[in-house]
Undergrad: 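Below are the structure tokens for one structure; questions will follow.
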Amino acid sequence: LMELENLDTKKNPPKQIIATIDRWKDKGLIPDDVRADDGAGLADGKILLLYRHYQERLKTVNACDFGDLLLHMIAIFKNPAHADVLADYHRRFKYILVDEYQDTNVAQYMWLRLLAKGSGNVCCVGDDDQSIYGWRGAEVGNILRFERDFPGAKIVRLEQNYRSHGHILGAANGVIAQNEGRLGKNLFTEAGEGEKITVRGLWDGGAEARWVAEEIEQLQRRKWSLNQIAILVRAGFQTREFEERFIQLGIPYRVIGGQRFYERQEIRDALAYLRVLVQPADDLALERIINVPKRGLGDSTIQMLYAHARTRSISLH
């Protein structure tokens with residue numbers, strides 16, 4: 001453990017180490033399943049050792065991370081000694097519905113196959129052309145081999161679109177036609193062709209904000225109300241460029257959708273107190289509220305407590 005704690009974080013970025021462990025868990029691999037040469041160049045060659053210690057530490061504090069939620073369940077389902085557990089779930093779940101199937105990872109796929117062995121009644125909804133989460137472990141192959149994995153399954157293509165007009169679907173069909181390894185579909189609508197779409201290539205977020213602002217000013221000159229104009233963004237941080245431009249031009253705007261209720265600091269603090277009451281071994285929750293409100297406990301004190309806990313393989317509490 002001392003060797004691991006002394007790792008050069010510049011040469012071994014923690015995010016890269018965490019991402020590697022997450023990738024193993026997404027594939028349903030416990031430390032004993034990982035090949036010795038997988039990730040050998042990380043953490044001075046000690047990445048697998050780090051994975052083992054990490055799992056042992058989680059067990060000590062009676063905790064699990066997001067990947068463990070499925071990893072532990074798969075281990076139980078596959079263990080002949082716990083055959084009664086899987087049999088119980090087979091009795092309880094006769095019909096299984098999976099949404100966004102194209103974004104399932106290997107661990108989710110393994111879990112589903114084990115769970116579906118009971119009845120074989122599985123309905124999966126997904127779109128092979130919308131798989132965009134390969135970077136976080138999603139395996140589009142799960143949906144491409146669905147018919148082979150579940151013999152006798154019926155494929156229903158949902159090709160009629162009730163939301164968009166023809167020109168939009170025509171552009172979408174043109175884009176997805178270039179995808180490789182797909183089941184194939186042809187989107188259509190009875191809503192008419194609608195307005196033609198405009199595709200604009202811009203250098204960066206600033207250029208995009210300037211162009212959009214100019215378009216809005218033109219619409220205003222044509223007597224459009226600002227209540228008739230909306231800008232859709234993929235992520236919240238993308239609003240900043242637009243806000244700065246609108247402030248410069250004096251264009252009133254509203255940002256719809258802010259910080260979620262459960263992401264507020266005071267709510268997360270309250271939940272941490274409740275977690276510690278129910279599960280005293282929850283180190284992360286205890287660390288969050290150990291000095292809230294202020295109790296004169298600084299970082300050095302908390303580090304000393306952690307060192308003491310790790311040495312004796314006990315929780316922070």
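Keep in mind it's a predicted model, so treat the numbers as computed, not measured.
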Undergrad: Could you go through R240 and E244, starting from their C-alpha distance and side-chain angles, then the distance that decides it, and tell me whether this counts as salt bridge (Lys or Arg N to Asp or Glu O under 4.0 Å)?
TA: CA-CA 6 Å; R240 198 193 78 180; E244 290 179 352; 3.5 Å; yes

Undergrad: Atom CG in L112, atom OG1 in T104: separation rounded to 0.5 Å?
TA: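 Here the interatomic distance stands at 8.0 Å.
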
Undergrad: Would you mind checking if D22 and K25 are paired as a salt bridge, meaning a charged N to carboxylate O distance below 4.0 Å?
TA: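 Judged by the 4.0 Å cut-off on N to carboxylate O distance, K25 and D22 do not form a salt bridge.
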
Undergrad: In this structure, which one of W211, F246, F242 forms a side chain to side chain contact (heavy atoms under 4.5 Å, CB included) with I216?
TA: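 The single option meeting the side chain to side chain contact (heavy atoms under 4.5 Å, CB included) with I216 is F246.
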
Undergrad: Tell me yes or no: between the side chains of Q218 and Q220, is some donor less than 3.5 Å from an acceptor?
TA: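 Note: Q218 and Q220 side chains miss the donor-acceptor criterion.
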
Undergrad: Of the non-hydrogen atoms in A307 and T311, which two are nearest, and what is the gap between them?
TA: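 Reported closest heavy-atom pair: O-OG1, 2.7 Å.
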
Undergrad: CD/E147 to CG/D149 distance, rounded to the nearest 0.5 angstrom?
TA: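 The CG atom of D149 is 10.5 Å from CD of E147, to the nearest 0.5 Å.
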
Undergrad: State whether a side-chain donor-acceptor pair under 3.5 Å links Q248 with R245.
TA: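 Yes, R245 and Q248 have a side-chain donor paired with an acceptor closer than 3.5 Å.
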
Undergrad: Atom CG of D68 and atom CD1 of I74: how far apart are they, to the nearest 0.5 Å?
TA: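 It is 11.0 Å, given to the nearest 0.5 Å.
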
Undergrad: How long is the straight-line distance from NE2 of H317 back to CG of D282, given to the nearest 0.5 Å?
TA: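 The NE2 atom of H317 is 11.0 Å from CG of D282, to the nearest 0.5 Å.
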
Undergrad: Kindly give the heavy-atom pair with the smallest separation between G166 and T189, and that separation in Å.
TA: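 So the minimum-distance heavy-atom pair works out to N-CG2, 3.6 Å.
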
Undergrad: Give a yes or no on whether a salt bridge exists between D33 and K27, defined as a side-chain N under 4.0 angstrom from a carboxylate O.
TA: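 No, this pair does not count.
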
Undergrad: Going through the checks in order, is the salt bridge (Lys or Arg N to Asp or Glu O under 4.0 Å) test met by R23 and D26?
TA: CA-CA 5 Å; R23 178 168 55 84; D26 286 342; over 6 Å; no

Undergrad: How many angstroms lie between CG in L169 and CD in E193, if you round to the nearest 0.5 Å?
TA: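 One finds 9.0 Å between CG of L169 and CD of E193.
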
Undergrad: Hey, is the main chain of G126 close enough, under 3.5 Å, to the side chain of Q102 for a donor-acceptor pair?
TA: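 No.
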
Undergrad: Give a yes or no on whether the backbone of N105 and the side-chain of Q108 come within a donor-acceptor separation of less than 3.5 Å.
TA: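 Pair found, side chain donor or acceptor close to backbone of N105.
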
Undergrad: Give me the atom names and distance for the closest heavy-atom approach of D129 to K185.
TA: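 Closest heavy-atom pair between D129 and K185: OD2-NZ, 2.5 Å.
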
Undergrad: Using side chain to side chain donor-acceptor pair (under 3.5 Å), reason through Y109 and R113 one step at a time and then give a plain yes or no.
TA: CA-CA 6 Å; Y109 170 78; R113 289 294 301 274; 2.8 Å; yes

Undergrad: Does Y273 have R288 sitting over its ring (NZ/CZ under 6.0 Å from centre, angle to axis within 45°)?
TA: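 No, cation not above the ring by the 6.0 Å, 45° rule.
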
Undergrad: Checking side chain to side chain contact (heavy atoms under 4.5 Å, CB included) against R52, which of V34, I30, D32 comes through?
TA: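 When side chain to side chain contact (heavy atoms under 4.5 Å, CB included) is applied between R52 and each of V34, I30, D32, only D32 qualifies.
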
Undergrad: Validate the cation-pi geometry between R92 and Y89: distance from NZ or CZ to the six-membered ring centre under 6.0 Å, angle to the ring axis within 45°.
TA: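 Yes, R92 lies over the aromatic ring of Y89.
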
Undergrad: So, taking the atom named SG in C123 and the one named OH in Y95, what distance separates them when rounded to the nearest 0.5 Å?
TA: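 Going from SG on C123 over to OH on Y95, the span is 12.5 Å.
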
Undergrad: Distance alone, cut at 3.5 Å: any donor-acceptor contact between the side chains of R312 and H308?
TA: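 Note: R312 and H308 side chains meet the donor-acceptor criterion.
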
Undergrad: Is N173 reaching over with its side chain to a backbone N or O of L187, donor-acceptor style, under 3.5 angstrom?
TA: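 Confirmed, N173 side chain pairs with L187 backbone.
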
